[in-house]
Number of protein chains: 2
Amino acid sequence: MSRKVFVSAKEVADRAGVSRSAVSRTFTPGASVSEETRRRVVEAAEALGYHVNHLARGLMRNESGIVCLIVSELDTPYRARLLKALTQQLQSVAKIAMVINTDRSDDSVDLALRQAIRYRADASIILSGMPDKSITDLCLKNGQRLVLINRDEDREGPLLINLNDREAARRAFIALQRAGCQTFAFANSAAMTPSLMAREEGFREAGRAHGIEVVVERYGPTSYRSGAIVAQRLLTREKRPDAIFCASDLLACGLMDAARHQFNLAVPSELCVIGFDDIEQASWSSYNLTTFAQPVERIAAEAVAWLAQPSQTEANSHKLEAELIWRGSVRGG
Amino acid sequence: MSRKVFVSAKEVADRAGVSRSAVSRTFTPGASVSEETRRRVVEAAEALGYHVNHLARGLMRNESGIVCLIVSELDTPYRARLLKALTQQLQSVAKIAMVINTDRSDDSVDLALRQAIRYRADASIILSGMPDKSITDLCLKNGQRLVLINRDEDREGPLLINLNDREAARRAFIALQRAGCQTFAFANSAAMTPSLMAREEGFREAGRAHGIEVVVERYGPTSYRSGAIVAQRLLTREKRPDAIFCASDLLACGLMDAARHQFNLAVPSELCVIGFDDIEQASWSSYNLTTFAQPVERIAAEAVAWLAQPSQTEANSHKLEAELIWRGSVRGG
DNA sequence: CAATTTATTGCACTCGCTTGCAAAAAGATG
DNA sequence: CATCTTTTTGCAAGCGAGTGCAATAAATTG
C-alpha cells in the first residue's frame, strides 16, 4: 500500500555482519576495505537488492552527478541528435542527464535553470534560448558549470561551444559561385539566434566581397513550413535566385519541396541549394542535399570532457568547423 | 576554487530571524506559517538566492520527483516527439525527467533501471526495449511505478499503454483494397518489437480474411535505409506488389524514395503506400504519406496522469486507437 | 618475540531538509 | 478578564550516506 521503503546500507550491514561504514566504503572507489569484508557486503547487497542512494550521496558529497540539459524543440532532428549524443556521452562518464523543455521565451529558461539548481545539478548545458544574466550568474556562483552551445556570449565562466558559422557561409558562397550561379539568396527563419544570424552575416559578407548583393528572406520558426514560405517569397521575385543558402536543413527541405512541386524548378539544374546541420533527411534521396555537417559528436564530447575534469579549468571558447558534405543539390561539386 | 557551497535554509533562517523550520514550512505547500513570517523568509531567500535542495527533500520525503525515461534511438522522429511530450507534461505536474539512453540490448535497459533506482526515481517510463523480469520486479518492489509504452507484457503492476495495432492494420488493408490494389505486401524491420509484429500480424490476418496472401519482408533496424532495402526486395518480385503497408513511416519514406527513384514507379497510381506513426516527414510534400497517427500527446497524458495521482490505483492497460490520416499515397481516400 | 608500521574497522558527526510534538502566541468566547 | 481554541513556532529526531579520527587487527621488521 504505502511506498515500500528502499533497502538501506544499514540493512546490508546487518546482514553482512559489518558496520554501516564498511558498506559505504565498499561502494566508494578507493576506500579502504579488506577483500573479505567487501565480498560479504557485495553478497548481502546483491541478496537484498541494495542500490546506493544517489540522493543521499549527492547530499554528502555536494555533487549529484546530475547534468541538466536545457533544450527547446527537442523533436527537431538536429536537436534530437545532439540530445542523444549528450545523454550517451554523459552516461559514459557516470553522469546522468536531466532534460528540461523550454519554449522559446527566456523566462522559461530561467525556470529551467532554477530547477537545475534545486536538484543541485553539477552542470547545465543550454542548447537553446538565452538565459537571463542574473540566473547564469546564480548558477556559476553556486559552483555549477555551464555550457552554452551555439550561443554567443562574452561572459567569463561558461564553456562556449560554437561553429565557425561565418566561415561556413563563406564557403557556401564560393561553392555556389563555382557552380555558375548568378543570383544569390539567403533563406532564414525569424528566430534570430546567434548562429543563424552569423550564417546570414557571413553569406552577405561573402557576397559583398564579390560585389554581389544577397537577398535575405526571414520567416517564422526554423521549420520545414517556414522554408516553404520563404521559397514562395524568394521564387516569385522578378529576378529569381538560382542559388539559395538556407540557414538550416529543415528550411532547405521545405524550400526544395516548394521549388519543385509548386514552381516546377529542377534542382540543381535550375536552382542550387545548400543547407546546414546535415540532418538525416538531407541524405534522403528526395533531397540529396549538399549541406554543412554539425559535428554533433564532437560538440557533445567537448562538453562532456570539460564537465568530467575534476577541477574547473579556465573557461574557454571552442570554435569548431562545420564540414561541407557534397551531395546533389549543387551543380559540379 | 573549491565548489562554492550552496546557500542553505539555515542561512535564510538567520537572515530572516526565524527558525529553520519556518523556512522549510514556507516552501512546503499547505504548511502552517503566518503571513508575516512567510514574507520575511521569502525576502531573505530571494536576497540570498536560496533554492530548496531537492536532493535533501527527496531523501526525507522518500519521493524524489524524478521520473526516468528509458529510451533507445531517441533521435528518431517518433521517439523524439514522444520524449518531448513526456518531458513537457511531466514538468507541468512538477516532476522532472531523467533520460537514459539504451542500445537495443536488454542488458542496457537493466543498467538504466538500476540507475533509476539509485536516484530513487518515483517512476520509470520505458519507451523501448524489454527489461528483464527480475529488474522490473525490483523496481516495483521498491515502490517505483513503471509505465511500458507499446510493449506487450502480461505482468501485474506496470501501466501498459499501447495502440490497437491489429485494428489499424486491418483498416490499412481495407483502405488499400478499396483503392483497387491487387497485390499486397508488408514492409517491416527486423526489430520484431511487439507493436511492429502486431501490425504485421494484423495485416496478414486481414489478408487471410479476404483470401489474399500478403508478402512480408523484414530487414534491419526500423529506418529509412531499411525501407529502401525492403523496397528492392519487394519490387523485384515476379509479381510486383501494388500496395505496401509499412510498419513505420521511416520505412515508408525509404521505400517510397526507392520506388520512385530506382524503380520509376509513380505513387499512388502504380503503387499505394501506407505508413505508421505520422512523423513530421510524412506530411512533407515529397512524401505526402497516408499514415496512422500515434496519439503521442494522449500517450504522454495517460502516463503522466497515472504517475501524478498519489495513491497507486490498480495497474491497468490502456489501449488507444491510431487515427488514419489520409494523404496522397493511396488512390481514392 | 617485541616493536613498529600499515591496513581495516567502527564511532560519531555531518550534509540540508521535513515533521511530530509540545510550548508559546494569538483569537474567540462567556 | 479568565478560559478555552486555534494558529504559529521552535526543538529535536530522523532520512541515507560519506569520512575524519582513534582504536584495533594484521603485517613487517629487527
Side-chain angles (χ1 to χ4, degrees), chain A residues 2-42 44-45 48-66 117-122 142-143, chain B residues 2-42 44-45 48-66 117-122 142-143:
Chain A
S2 69
R3 293 172 67 84
K4 177 71 188 312
V5 78
F6 287 73
V7 17
S8 74
K10 175 86 171 55
E11 302 172 49
V12 177
D14 289 352
R15 185 184 232 261
V18 297
S19 78
R20 231 207 62 260
S21 335
V23 178
S24 190
R25 287 195 248 264
T26 300
F27 293 103
T28 303
S32 162
V33 228
S34 72
E35 226 21 79
E36 167 62 6
T37 330
R38 150 165 280 124
R39 200 188 49 69
R40 289 168 59 186
V41 169
V42 168
L48 265 47
Y50 170 74
H51 290 87
V52 177
N53 185 333
H54 274 46
L55 265 41
R57 169 179 281 186
L59 188 55
M60 261 304 299
R61 291 224 182 121
N62 198 26
E63 180 177 326
S64 61
I66 296 173
I117 293 181
R118 290 202 193 91
Y119 278 97
R120 299 303 189 256
D122 297 339
N142 284 332
Chain B
S2 69
R3 295 172 66 83
K4 176 75 188 313
V5 78
F6 286 74
V7 15
S8 74
K10 175 87 169 56
E11 303 171 50
V12 177
D14 288 352
R15 186 183 230 261
V18 298
S19 77
R20 221 174 6 285
S21 338
V23 178
S24 187
R25 291 194 172 96
T26 301
F27 294 104
T28 302
S32 162
V33 227
S34 71
E35 227 19 82
E36 168 62 6
T37 332
R38 151 166 278 125
R39 201 188 49 68
R40 290 167 60 187
V41 169
V42 168
L48 265 47
Y50 170 75
H51 288 88
V52 177
N53 186 332
H54 273 48
L55 265 40
R57 168 177 282 186
L59 189 55
M60 261 306 298
R61 294 223 180 121
N62 198 26
E63 179 177 329
S64 60
I66 296 173
I117 293 181
R118 290 203 192 91
Y119 279 96
R120 299 301 189 258
D122 296 340
N142 283 334

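For clarity, every value in this text was computed on a predicted model and none was experimentally measured.
- Distance CD1 (A:I117) to C1' (C:dG16): 16 Å, rounded to an integer number of Å.
- Computed from coordinates, the B:R118 CZ to D:dA17 C1' distance equals 15 Å when rounded to whole Å.
- The nearest pair of heavy atoms linking B:R120 to A:V52 is NH1-O, 3.9 Å.
- Atom CZ of B:R39 and atom P of D:dT9 are 12 Å apart (whole Å).
- The side chain of B:S19 contributes no N or O atom lying less than 4.0 Å from OP1 or OP2 of D:dT9.
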Enumerate donor-acceptor pairs with a distance under 3.5 Å from any side-chain N or O in residues 18-26 of chain A to protein atoms, sequence neighbours excluded.
unit_1, atom_1, unit_2, atom_2, d
A:S19, OG, A:S21, N, 3.4
A:S19, OG, A:A22, N, 3.4
A:T26, OG1, A:A22, O, 2.8

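- Residues B:I66 and B:H54 form no side-chain contact, since every pair of their non-hydrogen atoms from C-beta on lies 4.5 Å or further apart.
- Contact annotation for B:S34: backbone-only contact, meaning every heavy-atom pair under 4.0 Å involves sugar-phosphate atoms and none involves a base.
- For the pair A:Y119 and B:S64, the tightest heavy-atom approach, listed with the atom from each and the gap, is OH-O, 2.8 Å.
- If you measure from atom CG of B:L59 to atom P of D:dA13, you get 18 Å, rounded to the nearest angstrom.
- In this structure, A:R40 atom CZ and C:dG10 atom P are separated by 9 Å, rounded to whole Å.
- Residue A:E63 contributes atom CD, which lies 14 Å from atom C1' of D:dA17 at whole-angstrom precision.
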Heavy-atom protein contacts under 4.0 Å, nucleotides 17-28 of chain C, coded B base, S sugar-phosphate only, - none: BBBBB-------

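- B:F27 approaches B:R57 most closely through the heavy-atom pair O-NH2, 3.0 Å.
- Residues B:T28 and B:R61 have side chains in contact (heavy-atom distance under 4.5 Å, counting atoms from C-beta outward).
- Atom CG in B:N62 sits about 10 Å away from atom P in D:dC15, given to the nearest Å.
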